[in-house]
Number of protein chains: 2
Amino acid sequence: MSVAELAGLTGASEMTIRRDLEVLADQGVLERYRGGASSLLLRGEEPPFGLRELERPDAKRRIAAEAASLLADGESVVLDSGTTCLEVARSLADRRLTVMPLSLHAANALTGAPQLKLLLPGGEPRPGELALTGPLTEASLAALRFDTAVIGCCGLNAADGLTAYDLADAAVKRAAIASARRVIAVADAAKFSRTALASVAPASALDAVVTEEGAPEEETGALAAAGVAVRKV
Amino acid sequence: MSVAELAGLTGASEMTIRRDLEVLADQGVLERYRGGASSLLLRGEEPPFGLRELERPDAKRRIAAEAASLLADGESVVLDSGTTCLEVARSLADRRLTVMPLSLHAANALTGAPQLKLLLPGGEPRPGELALTGPLTEASLAALRFDTAVIGCCGLNAADGLTAYDLADAAVKRAAIASARRVIAVADAAKFSRTALASVAPASALDAVVTEEGAPEEETGALAAAGVAVRKV
DNA sequence: AAAATTGAACACAAGTTGTGTGTGAAATTC
DNA sequence: GAATTTCACACACAACTTGTGTTCAATTTT
């Protein structure tokens, strides 16, 4: 895509296009070259956090509210990384809970929550995503036992189970699931038609899935048949 | 202090005073009652983070830059909590280092640093301060060995050593010092005339102190006599 | 019951952010 | 090496956000 082409398509000036491309290049979304830029996504990779957060915010908010309603006051919760789980964090701000978020985005959303006991795992924040990963994270999780784990994912279906794009992320999710008595997965409709590289857990490891009305019947039916409580909002 | 009194002193309207008082009350700086508010500081306690960050930012920046210059590329550094250390974090953003910040403020300042390897300890972020404390933090530190620790403090002098207001904080500082080969303290001039509740370490535990020109001669001299390299900027 | 205080709604000013234009410098192409 | 394109800086301008003041009804206090 050339700068002139983008300017023509958007109606913005070339200067604006250049400025925006520079920001996106810094985010790692695209590669800049003289006269234009080429996308670095689209190759089965995950779009960057900033872009994903703009996708269907209303659906995520509804799913998050429903997941939050499944938590009882006083519970201890481990909260996964990702945009949907960040929304869950936001809807937990006024609750009385013990929460361990697995990303700095969620942690920042929860600092200042008056009644919430916030607990951070150690680890290395992945650039952009700010998901905490690595041996420190896994060690922190291994040392604790939570009432509930709220897990996000990149792909989810009965056949492949819960999958993630990033191997380090998948290991953390697995550790979170292992250290929780109850596992709730949050997933919008698009997740059911996707399977990512890293396998996290079979569908049978989940106690409940919160999704939306648009989720394909055959997939949610198969999950229900596997003993997972499916809630559509 | 009554609302009308404050409005008279500042020249602002009562509505503005009320709004500002509400913010400060949320921060825990003061207690609101009908007709006015009373300060919760001034009792030898530490003013809240937001206020401290506005105090002498230029001096902190100079001290931070000097401390940063003492670090060599490639080093592993544990970086304490507090406003001065937050400034150190900012001046580390373009360096090639491994950094473990002990507060979420510093962590947020360093996400996005391209060449920096960021490592987070676990722990509970103290409200406002966002300093990570507790057994998880101490365990994370105990498992690691750093080249250098950059430590802030509430009070520092040759007689009482390095002191902090918060007991949990002091324990974390002690753990950070114990897991580093070299210890650099950063302290503006005011710290030398103050001794806080919790004792962290004797002055002899420090390898270097970075402070400013206004620091009292007798104190810096006593530190130098104890074998501490003192740098004034 | 009367007085004082408060919070909400609206209007307004100031500061911030994003955008466009013009210019000269730098890089690429022929 | 000259011509052309692309880029980056500077400034001007508009849209938006933020903070402030006013008014007014509701609440609390005396």
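Order of the sequence lines sets the chain letters (A, B, ...), proteins ahead of strands, with each chain counted from 1.
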Protein-nucleotide distance ([X], atom [atom1]; [N], atom [atom2]), rounded to Å:
X       : N      : atom1 : atom2 : result
A/Asp20 : C/dG18 : CG    : P     : 9 Å
B/Ile17 : C/dT5  : CD1   : C1'   : 15 Å
A/Glu5  : D/dT6  : CD    : C1'   : 16 Å
B/Glu22 : C/dT5  : CD    : C1'   : 14 Å
B/Leu6  : C/dT5  : CG    : C1'   : 15 Å
A/Arg32 : C/dA26 : CZ    : C1'   : 14 Å
B/Asp26 : C/dG7  : CG    : P     : 11 Å

CZ/A/Arg32: more than 12 non-hydrogen atoms of other groups inside 6.0 Å: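 For A/Arg32, atom CZ is crowded (more than 12 foreign heavy atoms under 6.0 Å).
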Taking N and O atoms by type only, does the side chain of B/Arg34 place a donor or acceptor under 3.5 Å from a partner on the base of D/dT29?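 Result: no qualifying N/O pair found.
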Side chain B/Arg19 and base D/dG21 donor-acceptor under 3.5 Å: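 Indeed, a donor on one side and an acceptor on the other fall under 3.5 Å apart.
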Which nucleotide in the set C/dA8, D/dC9, C/dT6 lies at the smallest distance from any side-chain heavy atom of B/Met15?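 Nearest nucleotide to the side chain: C/dA8.
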Let me see the working for A/Leu162 and A/Ile151 under side-chain contact (heavy atoms from CB on, under 4.5 Å), right down to the final yes or no. CA-CA 9 Å; A/Leu162 201 141; A/Ile151 306 289; 4.2 Å; yes
Here's a test for you: under side-chain contact (heavy atoms from CB on, under 4.5 Å), which of A/Leu97, A/Leu86, A/Leu118 qualifies with A/Leu110?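 Per the side-chain contact (heavy atoms from CB on, under 4.5 Å) rule, the option paired with A/Leu110 is A/Leu118, out of A/Leu97, A/Leu86, A/Leu118.
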Among B/Val186, B/Val230, B/Val233, find the one that has a side-chain contact (heavy atoms from CB on, under 4.5 Å) with B/Thr211.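 The side-chain contact (heavy atoms from CB on, under 4.5 Å) with B/Thr211 is passed solely by B/Val230 among B/Val186, B/Val230, B/Val233.
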On DNA chain C, nearest-nucleotide positions of A/Thr16 versus B/Glu14: which is more 5'?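 Result: B/Glu14.
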Can you check whether A/Arg18 has a side-chain N or O nearer than 4.0 Å to OP1 or OP2 of D/dC7?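 So the side-chain polar atoms of A/Arg18 do come within 4.0 Å of the phosphate oxygens OP1 or OP2 of D/dC7, strictly under.
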Toward the 5' end of DNA chain D, which comes first, A/Ala4 or B/Ser13, by nearest nucleotide?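 The residue closer to the strand's 5' end, by nearest nucleotide, is A/Ala4.
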